Number of protein chains: 2
Amino acid sequence: MPQHLELVQSLRDAGHRLTPQRESVLAVIADSDGHLTAEEILARVRQRYPYLNKSAVYRSLDLLTELSLVNQTDLGHGRVEYELHRHPHHHHLICRHCKGVQQIDQAVMNSLHKKLEKDFGFHADLDHFAIFGTCHKCRARAAKSAKRHTH
Amino acid sequence: MPQHLELVQSLRDAGHRLTPQRESVLAVIADSDGHLTAEEILARVRQRYPYLNKSAVYRSLDLLTELSLVNQTDLGHGRVEYELHRHPHHHHLICRHCKGVQQIDQAVMNSLHKKLEKDFGFHADLDHFAIFGTCHKCRARAAKSAKRHTH
DNA sequence: GACCTTATTGCAACCAGTTGCAACAAACAT
DNA sequence: ATGTTTGTTGCAACTGGTTGCAATAAGGTC
């Protein structure tokens with residue numbers, strides 16, 4: 001069974017209706033292996049199904065995210081990026097200063113994930129996480145110019 | 001020395017100009033102990049300094065965040081919330097289903113923080129983190145209705 | 001197949017936040 | 001004090017995303 005039909009089945013099993021809009025959005029995401037913005041998804045869907053409103057795209061994406069079929073990631077580019085929820089995941093370290101993005105492995109989160117599960121019964125969506133901070137290059141640069149708290 | 005003057009000093013030490021706009025924004029945040037939205041900040045600043053544009057507020061907040069004087073948190077309320085960067089921090093577990101927010105202690109992040117520092121030289125802003133996922137109540141509920149992948 | 005219920009869509013107005021650019025003013029030098 | 005430099009602001013237009021509501025259509029029932 002093609003992947004997106006399997007996903008469509010998850011949708012229906014969860015009690016949601018299958019509309020051509022939703023099916024197209026899901027198919028486009030399943031066909032792509034990278035991140036897609038909502039605008040890209042809208043454009044691609046319209047190639048095969050031109051009757052699509054942007055509200056429907058956003059609403060579909062929110063639903064698919066809620067069902068854990070899709071990941072939403074804000075990499076600080078001013079728009080959210082969407083992709084199929086896959087295993088294993090990776091995460092992103094994003095520098096607030098130089099805007100650089102560095103990919104890191106899922107494994108880094110394993111112990112945190114377990115801890116949240118154990119201590120709080122909370123199932124965290126730690127797949128495809130965006131962590132903001134300062135990369136080692138920018139830290140060195142900042143240390144020079146900052147003479148704070150030395151008075 | 002009052003707190004916000006100390007913060008003002010950090011601004012100047014980092015090579016930025018001190019404008020009445022920035023000073024007012026910082027003073028308002030330093031005066032409040034909870035989260036403030038940009039709109040609330042704008043309204044409060046205008047009580048003491050009416051000549052303030054919303055762009056200046058957002059630009060000030062971005063700068064203050066970059067200097068680690070302020071935290072920005074997206075708790076899923078549709079707008080970002082701002083507050084003074086304080087120690088020790090806390091974090092939030094936010095349920096995507098019931099939208100419930102649960103506060104957890106900074107300590108949960110300690111080992112992750114150290115690992116990112118050690119392995120990647122990355123200084124993560126893990127203070128005031130928002131972690132989305134599913135709380136234990138909603139997990140139980142979801143397990144019932146989802147018959148996915150059982151075919 | 002026709003009917004009914006109610007989830008979903010399209011639309012247009014809206015909201016939070018961003019941007020390009022000309023006008024302005026902090027900080028520094030004279 | 002005055003002038004110069006250049007970082008910062010105000011403004012208005014814009015962007016990505018959301019919302020309320022009437023119209024539509026998916027999926028179930030007979």
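So that the names make sense, note that chain A is the first sequence line, chain B the second, and so on, each numbered from 1. Please read all numbers here as calculations on a predicted model, not as lab measurements.
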* For A/Tyr49 and C/dT8, what is the distance between atoms OH and P respectively, to the nearest whole Å? -> 14 Å

* Determine whether any donor atom in the side chain of B/Ser55 lies under 3.5 Å from an acceptor atom in the base of C/dT18, or the reverse, and answer yes or no. => no

* Side-chain N or O of B/Gln21 closer than 4.0 Å to phosphate OP1/OP2 of D/dG10 -> yes

* To do: Give a yes/no on whether any side-chain N or O of B/His16 is located under 4.0 angstrom from OP1 or OP2 of D/dT8.
  => yes

* Base, sugar-phosphate alone, or nothing: which one does B/Arg79 contact when heavy atoms must sit under 4.0 Å apart? -> sugar-phosphate

* Asked: Reckon B/Arg22 has a side-chain N or O less than 4.0 Å from the OP1 or OP2 of D/dT8?
  -> yes

* **B/Leu18 or B/Glu81, whichever maps to the more 5' nucleotide of DNA chain C** => B/Glu81

* Asked: Quick one: do B/Leu126 and A/Leu75 end up in the same hydrophobic cluster if we chain Ile, Leu, Val, Met, Phe, Trp and Tyr together by side-chain heavy atoms under 4.5 Å apart?
  -> no

* Asked: Looking at side-chain heavy atoms only, is the closest gap between B/His113 and B/His123 below 4.5 Å?
  -> yes

* Counting just side-chain N and O atoms, does A/Tyr58 come under 4.0 Å of either OP1 or OP2 of D/dG17? -> yes

* Let me know, please, whether B/Thr19 or B/Lys54 comes out on the 5' side of the other along DNA chain D by nearest nucleotide. => B/Thr19

* For atom CZ of B/Arg59 and atom C1' of C/dA16, their distance in whole Å -> 15 Å

* To do: May I ask you to verify if any side-chain N or O of B/Arg12 is less than 4.0 angstrom from the OP1 or OP2 atom of C/dA27?
  => yes

* Asked: Is the closest side-chain heavy-atom distance between B/Leu61 and B/Ile29 below 4.5 Å?
  -> yes

* With distance as the sole criterion, is a donor-acceptor pair present between the side chains of B/Gln72 and B/Thr65 under 3.5 Å? -> yes

* Distance from A/Thr134 atom OG1 to B/Glu66 atom CD, nearest 0.5 Å? -> 9.0 Å

* **Atom-to-atom span, CG of A/Asp74 to P of C/dG17 - whole angstrom** => 12 Å

* To do: Check the distance between C/dA16's P and B/Ile41's CD1 and give it to me in whole angstrom.
  => 13 Å

* Whole angstrom is fine here: how far is it from CD in B/Glu23 over to P in C/dA26? => 12 Å

* Could you state the CG-C1' distance from B/Asp62 to C/dT18, rounded to the nearest angstrom? -> 9 Å

* Structure fact -> Atom CG of B/Leu36 and atom P of C/dA16 are separated, to the nearest Å, by 15 Å

* Ignoring hydrogens and angles, are the base of C/dA27 and the side chain of B/Arg17 linked by a donor-acceptor pair under 3.5 Å? -> no

* May I have the distance from B/His77 (atom NE2) to D/dT18 (atom C1'), rounded to whole angstrom? => 16 Å

* Has B/Asn53 got a side-chain N or O lying under 4.0 Å from the OP1 or OP2 atom of D/dT9? -> no

